[in-house]
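To start, the structure itself, in structure tokens.
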Amino acid sequence: MELILAIASGVLFGTGFYLMLRRRLAQLIIGLGLLSNGANLLIFTAGGLTRARAPVIAEDASQLARPFADPVPQALVLTAIVIGFGVLAFSLVLAHGIHTMAGTDDIDEIGSGGR
Amino acid sequence: MNVLVLPIALPLFTAAVLLLAPSRPLLQRWISFAGACVLSIAAVLVFVRVERDGILVLQLGGWPAPFGITLVADVLAAMLVVATAAVGLAVTLSAFSGVDPRREGFGYHGLIHVLLMGVSGAFLTGDLFNLYVWFEVMLVASFVLMALHRTRAQLEAAFKYVALNLIASSLFLTTLGLLYGGTGALNMAELATILPARENTAYETILAMLFLTAFGIKAAMFPLFFWLPASYHTPPAAVGAIFAGLLTKVGVYSMIRVFTLLFPGDPAVLYTLLLAQAGCTMIVGLVGALAQQDFRRILSFNLVGHLGYTTVGVALGTSAAMAGSIFYILHHIAAITNLYLISGIFLRLRHTTSLTELGSIFRERPLVAILAAIPVFSLAGVPPLSGFIGKLALVRGAFGARAWWTGGIILAVSLLTLLSMARLWSESFWKTAPHEDKSRLPGVILLPIAFLSAITVAMTVAAGPLYQLAMKASDQLLNPALYIDAVLKGGPQP
């Protein structure tokens, strides 16, 4: 399972970087989104995958028995997803503003011919 | 109550009050300025405590380290929090001379305080994931401040700035994932007990390189600096000032903090690369500055070039070089913030910062010229001003560490800086302007400039004690055991 997720994360990074090398704003933003989700998946995978072992201390034990699913990477991913979502929404609005004003979504043409 | 939480909580409180208060410009400006004053008092309080009692630690929510989030202030962090508050004071003061009404309506003052909160948080946190969160707080505030513009050039600049910074954030996040996967820790003090003790493998090298890239983009180091000169010359002067003074310094600070704690002296390739990067940053930045024809673009390239100076210390890893870099960071925050604020005077008088349109300031407005001369010549490194002292300390540190090339580059680049600043001075203050300007200058615009110039002068006069403080900060950095003990064993350390 780790292998599959690692490959998936790699594919997300690869496609994200490829899209960011394009000149169009929309593709750049999709690339950024893919990149941040690749990073999220990587945190999740690197933290170790443990199925069906909730990090709850058993009633007759005083310590958590290994192996257990580590909650920390999940908390990190949750935080990162929220931040990533907000930032992505902001860049979409920014790109929309640029498109309305400049009438183009080619990054190199935005600045030219401006006021 | 622990004072450490104040530099983060106060700007948040001020921002909240500013959001709720009626949007009358004068009221908002006064609240914002009062907030910055209180923040300055809190910052000085933190500094005094750290100076007296040693490294100050706060375990948030009472969770013992490494389970909760820790706030830590050593001398370096405390000095930088004071510098942050001083920049905040200058920038909120500059709002009295007028802010574009459109931006003021969109919560400009609140955003400045959110930015200050993000910067203080980044300086004070002892947890790497928390550092990522503060980076994002800082960035989102700066994105909005940058994108509240509606000319095409400004939008283009804002987009480049946003995209490059988001890539850096994703890289940083990726690094944190790998770091947690391999060590199970994110608290910097705990990591400092795990990573250096390990055999150096490809894993550590990969982590170090990823950190170098992510922080390198944030700090605008060669070869990842292009977003800075492409964007910093477009926002209004006050926004440019707070960005130039603080944002890149957070990247530099993160490098210093993470590398001294997690990778002390090892892997060697990290420090070789860092030194080469610092050298290239200095040369490319200043050569770039000489080719520019616009006041603020010259400043942007000077900013990039001088970031090289601020990383020489961590690259060489000797006490003297580190102290030189720390001194230089403090000097540079005051001088570059001031110069960006001065560009606001040109924007008001001539509506441009292109050098061909400037001039005659020295003859027509001698007071402006005298106040501006202090940061210009301090940045240029003219003795006896603080820039000269910072460079002297750095050159001595570099030669002391037998880094002849680095020392040579520092000296050569100082000459280029002098050239660049002399050109800036003669073109924008000395020569006769092509057009006469008739607009009146409100006296209040000079207040923040005078304040920052006074700080530069104070740094020059009190260079001895300040250098002693930088030395103390550098000794703490190069002796990570102090930091680790303070965080993990609790209690202030002597």
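None of the values given here were measured: they were computed from a predicted structure. Letters go in sequence order (proteins before strands), and every chain restarts at 1.
Applying side chain to side chain contact (heavy atoms under 4.5 Å, CB included) to A:Phe90 and the options B:Val140, B:Val162, B:Leu139 leaves one that passes, B:Val162.
A distance of 7.0 Å separates OG1 in B:Thr174 from CD1 in A:Ile43, rounded to the nearest 0.5 Å. In this structure, CG in A:Leu42 is found 11.5 Å from OG in B:Ser170, a value given to the nearest 0.5 Å. To the nearest 0.5 Å, the span separating CG on A:Leu76 from CG on B:Leu186 amounts to 5.5 Å. Rounded to the nearest 0.5 Å, atoms CE (A:Met101) and CD (B:Gln154) are 8.5 Å apart.
Heavy atoms of A:Leu88 lying under 4.5 Å from chain B are absent altogether. The contact between A:Leu28 and chain B is made entirely by side chain atoms (from C-beta outward), counting heavy-atom distances below 4.5 Å. In this structure, chain A has a heavy atom under 4.5 Å from the side chain of B:Tyr180, while its backbone stays farther away. With a 4.5 angstrom heavy-atom cutoff, B:Phe129 touches chain A only via side-chain atoms. Only the side chain of A:Phe13 comes within less than 4.5 Å of a heavy atom of chain B; its backbone N, CA, C and O stay farther away.
Ranked by heavy-atom pairs under 4.5 Å with chain B, the first of A:Val72, A:Val77, A:Thr45 is A:Val72. Note on B:Gly182, B:Ala157, B:Gly181: by heavy-atom pairs under 4.5 Å with chain A, the leading option is B:Gly181.
At least one side-chain heavy atom of A:Leu94 sits under 4.5 Å from a side-chain heavy atom of B:Leu155. Within the 4.5 Å cutoff, side-chain heavy atoms of A:Ile29 are placed close to those of B:Phe159. Residues B:Leu173 and A:Ser36 fail the side-chain proximity criterion, which asks for heavy atoms closer than 4.5 Å.
The environment of CZ in A:Phe68 is crowded: more than 12 heavy-atom neighbours from other residues, nucleotides or ligands sit within 6.0 Å. Within 6.0 Å of CD in A:Gln63 there are 12 or fewer heavy atoms belonging to other residues, nucleotides or ligands.
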